[in-house]
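Below you'll find the structure, written out as structure tokens, and then a few comments.
The analysis underlying the following values was restricted to heavy atoms, covering all of them including side chains, and did not include hydrogens, waters or symmetry mates. The sequence lines fix the lettering, A, B, ..., with proteins before strands; numbering per chain opens at 1.
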There are 2 protein chains.
Amino acid sequence: MTVDLETGTRGRTRKAILDAAVRVLAADPGASLGQISDAADVGRTTLHRYFPDRAELVAAVMQEAGRRLGDAASRARLDEGPGLDALLRACQALLQLGDLLTLMFTGVVSIETCGAEHGFAQALDDACTRGLADGTLDPRLTPSWLQGVLWSSLYLGWSELRDGTTPPHEVVSQLLLTVRKALAAPAA
Amino acid sequence: MTVDLETGTRGRTRKAILDAAVRVLAADPGASLGQISDAADVGRTTLHRYFPDRAELVAAVMQEAGRRLGDAASRARLDEGPGLDALLRACQALLQLGDLLTLMFTGVVSIETCGAEHGFAQALDDACTRGLADGTLDPRLTPSWLQGVLWSSLYLGWSELRDGTTPPHEVVSQLLLTVRKALAAPAA
DNA sequence: CCTCTATGGAACATCAGTGTTCCACTGGGT
DNA sequence: ACCCAGTGGAACACTGATGTTCCATAGAGG
């Protein structure tokens, strides 16, 4: 019988470590493994049992990030409807990623690497070109800039959400409002 | 005769180290002092002669950041004209800060600390409230969010500028266009 | 009761970054 | 020629993070 990494005791501690890693590394990319194991309520020895290397831990975080990125993408149904609306749905879905956004933004995990394997990057690209074609996105903006606005706005939204001074629903509405205004094609 | 830290040989190497620190720390906040001294074409010993501590080096970087932030603010004349136009002038001025934007955004230097001493934070706040009062800024957005959009867009613009795939004038135009669209009050 | 699995802790060697000291070199100014 | 401020490099001790090994313990299940 092979060991299942997703269920049972093993799976639970593995997940605890992974979650703690995301949380701690988002707050401080240079955090020590000891800080991570503490946050996971686990001995440093145990952490090394699951992830022999710091590199392997980071790799696992990236893989997890890719998985959740893919989930968010499919939940957002990026291939449906007008391009602008797809991007706004992406905003809402990606905001759920929480600290992972910080990790992707600070470069602890690379958006390209972990977004590519699950076809996320491609889906986002497609939504942008579709939006430029169907006239819902501002033709004066380049695809690269469009996506940049999406990510940086997302990071801003998560920052506001995290420090908790603004109620979540207001963050969402300000985020969607801002992105829609910024990216929408001007009225004909 | 007291030593002048701004001119002569001393001033020049001091500036070289400071510039290198900004450049290197922007690329990697956890960079070693050796990397910084290498980038400054200076021995590690010399670096320690000017900044005994890593902390003192960072403090000096923050002070320099504050100074240049203040310069940019006064150049942008934040207290003149409609609020929205003031913010757009701030965008253009702040974009000149280059790698300092990365440092402020990644938290290596704190915007609050080094922006406060030169009255920059206050000037920006004032421009926002003025813009909300004179009807040029979108009243549905909070002052905190307005400033957040400014900073994150600025960071996006600098990122595009830095990797050099987009010509500078295009970055500036996309930046100003995006920020204006995002923050402007809707047409009555 | 015994066993097996998962764990935490102690101890250890290793390594990189830091901060310090000391010495030798250079170039400009007298 | 001399002096001297400025510099770079070598060497050192110290610290904190890392990765490893070994052992003791707790708990679920036979």
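Of the possible donor and acceptor atoms, one in the side chain of A/T136 sits under 3.5 Å from a partner among the backbone N and O of A/L84. When atom types are taken as modelled, the side chain of B/Q35 and the backbone of B/S32 share a donor-acceptor pair closer than 3.5 angstrom. Using modelled atom types, one side-chain atom of A/R89 and one backbone atom of A/E80 make a donor-acceptor pair closer than 3.5 Å. In this structure a side-chain-to-backbone donor-acceptor pair under 3.5 Å is present from B/S152 to B/G148.
Classification of A/D19 and A/K15 as a salt-bridged pair holds, one side-chain N sitting under 4.0 Å from a carboxylate O. Taking a cutoff of 4.0 Å between a charged side-chain nitrogen and a carboxylate oxygen, A/R180 and A/D85 qualify as a salt bridge. Comment: A/D71 engages A/R67 in a salt bridge, judged by a side-chain N to carboxylate O separation of less than 4.0 angstrom.
Across the protein-nucleic acid pair, B/R10 atom CZ and C/dG28 atom P stand 18 Å apart, rounded to whole Å. In this structure, B/D53 places its CG atom 5 Å from P of C/dG19, rounding to the nearest Å. What separates CZ of A/R14 from P of C/dA6 is a distance of 14 Å, to the nearest Å. For B/R44 and C/dA16, the CZ to P distance is 14 Å, given to the nearest whole Å. In this structure, the CZ atom of A/R49 is 7 Å from the P atom of C/dT7, given to the nearest Å. Per the geometry, CG belonging to B/L47 stands 13 Å off C1' belonging to D/dG8, to the nearest Å. Summarising the geometry, the separation between NE2 on A/H48 and P on C/dA11 is reported as 18 Å, rounded to the nearest angstrom.
Looking at residues 36-43 of chain A, you'll see A/D41, A/V42, A/G43 sit with a heavy atom under 4.0 Å from some atom of DNA chain C. Near-neighbour residues of DNA chain D inside residues 17-34 of chain B, defined by a heavy atom below 4.0 Å, are absent. The stretch residues 56-65 of chain B has no heavy atom under 4.0 angstrom from DNA chain D at all.
Nucleic acid contact for B/T45: base, since at least one base atom lies under 4.0 Å from a heavy atom of the residue. Nucleic acid contact class of B/Y50 (heavy atoms, under 4.0 Å, all strands): sugar-phosphate only.
Not one side-chain nitrogen or oxygen of A/T46 sits closer than 4.0 Å to the OP1 or OP2 atom of C/dT7.
Residues that satisfy the salt bridge (charged side-chain N to carboxylate O under 4.0 Å, His left out) test with A/R140, not counting sequence neighbours, are A/D138. Residues satisfying the side-chain contact (heavy atoms from CB on, under 4.5 Å) test with B/P167, not counting sequence neighbours, are B/H169, B/E170. With sequence neighbours left out, A/F105 forms a ring-ring contact (aromatic ring centres under 6.0 Å, His included) with A/Y155, B/Y155.
Taking CG from B/L87 and CG from B/L146, the interatomic distance works out to 7.0 Å, rounded to the nearest 0.5 Å.
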